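Below: the structure, in structure tokens.
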There are 2 protein chains.
Amino acid sequence: MVLERIHLTIIQEVAREGSLTAAAARLHLTQPALSHAIRKLEAQLGVEIWRREGRSLQPTQAGEWLLAVANRLLPQFTHAEDRLRQFATGERGKLRIGMECHPCYQWLLKIVAPYLDLWPEVDVDVRQKFQFGGIGALFGHEIDMLVTPDPLFKPGLRFTPVFDYEQVLAVGPEHRLREAEYVLPGELAGEVLITYPVPAERLDIYTQFLLPAGISPRQHKPIETTDIMLLMVAHGRGVAALPRWLVEEYAPRFRLHPVRLGHGGVAKQIFLGMRETDADVGYMRAFVEMAAASQTVA
Amino acid sequence: MVLERIHLTIIQEVAREGSLTAAAARLHLTQPALSHAIRKLEAQLGVEIWRREGRSLQPTQAGEWLLAVANRLLPQFTHAEDRLRQFATGERGKLRIGMECHPCYQWLLKIVAPYLDLWPEVDVDVRQKFQFGGIGALFGHEIDMLVTPDPLFKPGLRFTPVFDYEQVLAVGPEHRLREAEYVLPGELAGEVLITYPVPAERLDIYTQFLLPAGISPRQHKPIETTDIMLLMVAHGRGVAALPRWLVEEYAPRFRLHPVRLGHGGVAKQIFLGMRETDADVGYMRAFVEMAAASQTVA
DNA sequence: CACCCCCATGAATAAAATTTATCGTATCAT
DNA sequence: ATGATACGATAAATTTTATTCATGGGGGTG
């Protein structure tokens with residue numbers, strides 16, 4: 001029992017602030033308090049955590065590694081405390097939702113809005129970046145629910161399909177394909193393809209459309225935000241693969257045209273994933289049920 | 001900062017021992033020490049952790065949940081301490097290997113034996129049961145390396161194929177199929193199938209052979225250990241799907257016969273999985289390299 | 001070179017955890 | 001019933017631990 005929560009806190013805060021003194025201030029402690037605490041830890045483990053170089057602290061390899069541990073474990077402590085206080089006050093909590101599906105954000109907002117009204121005691125937090133991917137974030141208790149098009153049916157996780165949609169090609173008002181019934185892979189060989197900045201193997205337009213046909217677009221432009229992406233498409237700077245409902249929603253404003261991908265189109269499903277141990281948490285069930293119900297309404 | 005490591009330790013130990021007094025003894029503390037610690041925590045969070053029923057403690061919902069947190073976080077603390085001490089002594093460590101592949105155990109032993117000689121400062125631990133599956137155990141830092149036939153190419157994980165083999169049907173010396181060149185799914189409809197006790201979707205004989213043909217065996221017997229399984233097969237109590245190399249290794253002792261599954265046979269690969277953050281740990285690299293090299297030798 | 005900033009150290013002090021001692025109560029055998 | 005026993009709660013005493021205060025050393029910097 002040598003390594004304690006306080007040590008992790010100190011290490012994290014020093015990494016954040018850059019100095020013991022600054023970290024001490026943020027933790028409402030004095031500088032010697034931290035100095036003593038860490039030196040005791042170093043003595044007990046026989047490891048240096050920082051190398052004292054001049055007046056600044058350079059983390060050693062062990063220090064770097066311990067920082068990673070701190071970043072992983074500390075949020076779990078604070079979340080555990082929150083969750084325990086929730087037990088005191090009945091059904092109240094925080095639902096941490098992770099997103100692995102850029103355009104789903106619009107859809108998610110439509111679910112979250114009425115959910116917040118129905119569950120006034122539940123806070124919702126949405127996160128998008130995960131060091132170990134969405135699945136890793138679920139297993140690592142970084143998030144409680146995952147919105148993803150790639151479910152993983154593994155022990156310990158539960159995925160529920162909540163939304164079917166068709167992935168289409170969005171083209172601008174001057175585009176030669178704007179009235180086409182469908183588009184074939186070869187017809188994209190000369191196009192500029194705009195996508196979200198994720199690896200190609202996570203993009204359906206590649207995995208389900210271009211790659212099987214052995215086609216590459218003329219150019220590939222990654223864009224972060226949906227609005228800018230659609231703006232680019234509307235102004236003839238390229239084409240993008242997006243959900244049909246999203247293209248149709250933006251069509252009046254941006255003058256976009258959806259074109260089916262291939263003869264049969266590309267069908268997609270969005271899943272909500274959660275840990276099985278959370279299966280009986282009331283406000284989490286409710287979210288999945290609301291999301292699933294939105295399907296029939298929409 | 002109300003929830004501390006000691007609280008988790010107490011909760012875990014009380015759940016293990018069933019009483020405060022017994023837990024106190026194991027922790028080299030007195031009973032009032034634990035009593036005070038937990039009551040303070042309860043006061044600070046406003047939650048009851050145990051309901052005092054007579055002379056025994058019944059965990060509340062919050063208590064149950066906190067126990068799960070303890071079981072998840074405490075091993076990470078002890079492992080972090082171990083790992084930090086390793087930094088002090090150079091290349092020394094503990095390699096926690098998880099197995100999702102029953103018959104691989106024999107193969108693993110052949111890798112571990114020379115590895116222990118080459119890396120005398122590294123301890124190896126092998127585990128087989130995981131609440132959230134092998135992938136979850138990797139993400140949750142329960143294990144450092146996973147032996148599995150089902151890799152998952154997700155950000156944060158790295159899988160390396162280390163072993164190709166053919167899955168065959170093992171039959172006994174009196175079996176009608178013992179000299180057959182191959183067996184078709186329909187021919188197993190009247191057989192007793194012996195497998196390891198895992199869900200059918202994790203058994204290749206189902207997913208790659210029986211299910212596609214819509215066939216079910218006459219009976220399905222789960223058996224834990226390879227030796228007993230082979231004994232059952234050798235004595236005509238059923239058939240089992242196993243790696244060819246394993247069947248051939250046991251053949252002289254048990255008088256077993258391998259039969260190819262289908263015309264083309266069922267090809268399998270074993271992968272070693274690890275977290276990308278561990279990619280540059282010397283003794284872990286070395287293990288993967290040794291495992292991959294064993295392929296060419298065997 | 002003087003000043004500032006930052007960390008280390010040791011002693012003093014404040015805070016905390018732990019023990020000791022004791023009580024109340026449920027359980028069980030007789 | 002009832003006494004023995006096991007268990008947890010509690011309060012006060014004590015020990016241990018954490019934190020602060022006061023101070024010193026050293027490396028940058030104007």
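The shown structure was predicted, so the numbers you read here are calculated from the model rather than taken from an experiment. Numbered from 1 within each chain, the chains take letters A, B, ... in sequence-line order.
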Practice prompt. Whole angstrom is fine here: how far is it from CZ in B:R51 over to P in C:dT25?
Written response: 19 Å

Worksheet item: Between A:S35 and C:dA8, does any side-chain N or O lie under 4.0 Å from OP1 or OP2?
Response: yes

Worksheet item: To the nearest angstrom, how far is A:L20 atom CG from D:dG25 atom P?
Response: 20 Å

Worksheet item: To the nearest angstrom, how far is B:L29 atom CG from C:dA16 atom P?
Response: 18 Å

Discussion item. Below the 4.0 Å mark, does D:dA18 have OP1 or OP2 next to a side-chain nitrogen or oxygen of A:K40?
Written reply: yes

Worksheet item: Rounded to whole angstrom units, what separation is found between the CD atom of B:E17 and the C1' atom of D:dA6?
Response: 15 Å

Discussion item. Let me spell it out: for each of B:G18 and B:H36, pick the nucleotide of DNA chain D with the closest heavy atom. Which residue's pick is nearer the 5' end?
Written reply: B:G18

Item to complete: For B:I49 and D:dA9, give me the distance from atom CD1 to atom P, rounded to whole Å.
Response: 12 Å

Worksheet item: D:dC21 phosphate, OP1 or OP2: any side-chain N/O from A:T30 under 4.0 angstrom?
Response: no

Discussion item. Strictly below 4.0 Å: does A:T21 bring a side-chain N or O up to OP1 or OP2 of C:dC7?
Written reply: yes

Worksheet item: In whole angstroms, how far is the P atom of D:dT10 from the CD1 atom of B:I38?
Response: 14 Å

Practice prompt. Check the distance between D:dG27's P and A:L57's CG and give it to me in whole angstrom.
Written response: 15 Å

